[in-house]
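Nothing fancy with the numbering, it's 1 onward along the sequence.
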Amino acid sequence: MLHLLVLEYTGSPERAEPYAAARADFLERHHREGVFLLSGRAVPAERGGAILVRGVDRAAVERIAAGDPLVAAGVARYGITTVDPGRVHPALAGVLAVDSSRVRG
């Protein structure tokens with residue numbers, strides 16, 4: 001399973017600034033563990049951002065999202081969409097660790 005986390009600020013993005021260092025640590029930790037495949041700001045950045053997560057179930061991803069310093073501080077929230085990949089490009093198959101029957105070239 002993959003999970004797409006879409007971050008949305010609950011107020012002004014400037015309210016998130018005091019938590020920037022703690023959030024950078026949060027992102028780095030989950031990237032290092034291999035749980036976060038990508039993370040980035042939305043365009044425009046004032047809209048929030050997104051994270052692609054793999055290797056954990058829905059309950060775990062909800063706990064991870066709740067542990068984001070921005071969410072814990074009440075300055076942002078996540079929308080979470082869980083995806084069961086049906087077709088995967090060969091270049092992504094290994095990274096996503098999907099069944100080879102789902103790989104389409």
Atom [atom1] in [X], atom [atom2] in [Y]: separation rounded to 0.5 Å?
X     : Y     : atom1 : atom2 : value
Asp84 : Met1  : CG    : CE    : 4.0 Å
Glu62 : His3  : CD    : NE2   : 9.0 Å
Ser39 : Arg23 : OG    : CZ    : 7.0 Å
Glu46 : Glu8  : CD    : CD    : 13.5 Å

Does a sphere of radius 6.0 Å around CZ in Arg47 hold more than 12 heavy atoms from other residues, nucleotides or ligands, not counting ones at 6.0 Å or beyond?
no

Surrounding CZ of Arg29 (heavy atoms of other residues, nucleotides or ligands, distance under 6.0 Å), is the total greater than 12?
yes

For the student: nearest non-hydrogen atoms of [X] and [Y], plus distance:
X     : Y     : result
Gly74 : Thr10 : O-OG1, 2.9 Å
Ala60 : Val56 : CB-CB, 3.7 Å
Ala65 : Ile80 : CB-CD1, 4.2 Å
Phe36 : His31 : O-ND1, 3.2 Å
Ala16 : Leu70 : CB-CD2, 3.6 Å
Leu7  : Ala76 : CD1-CB, 3.5 Å

Are [X] and [Y] close enough that some pair of their side-chain heavy atoms sits under 4.5 Å apart?
X     : Y     : answer
Phe26 : Ile64 : yes
Tyr19 : Val75 : yes
Leu4  : Val53 : no

Is [X] linked to [Y] within one hydrophobic cluster, defined over Ile, Leu, Val, Met, Phe, Trp and Tyr using a side-chain heavy-atom separation of less than 4.5 Å?
X     : Y     : result
Leu5  : Leu2  : no
Val35 : Val61 : yes
Leu38 : Leu92 : yes
Val71 : Leu27 : yes

Hey, is the main chain of Val95 close enough, under 3.5 Å, to the side chain of Arg54 for a donor-acceptor pair?
yes

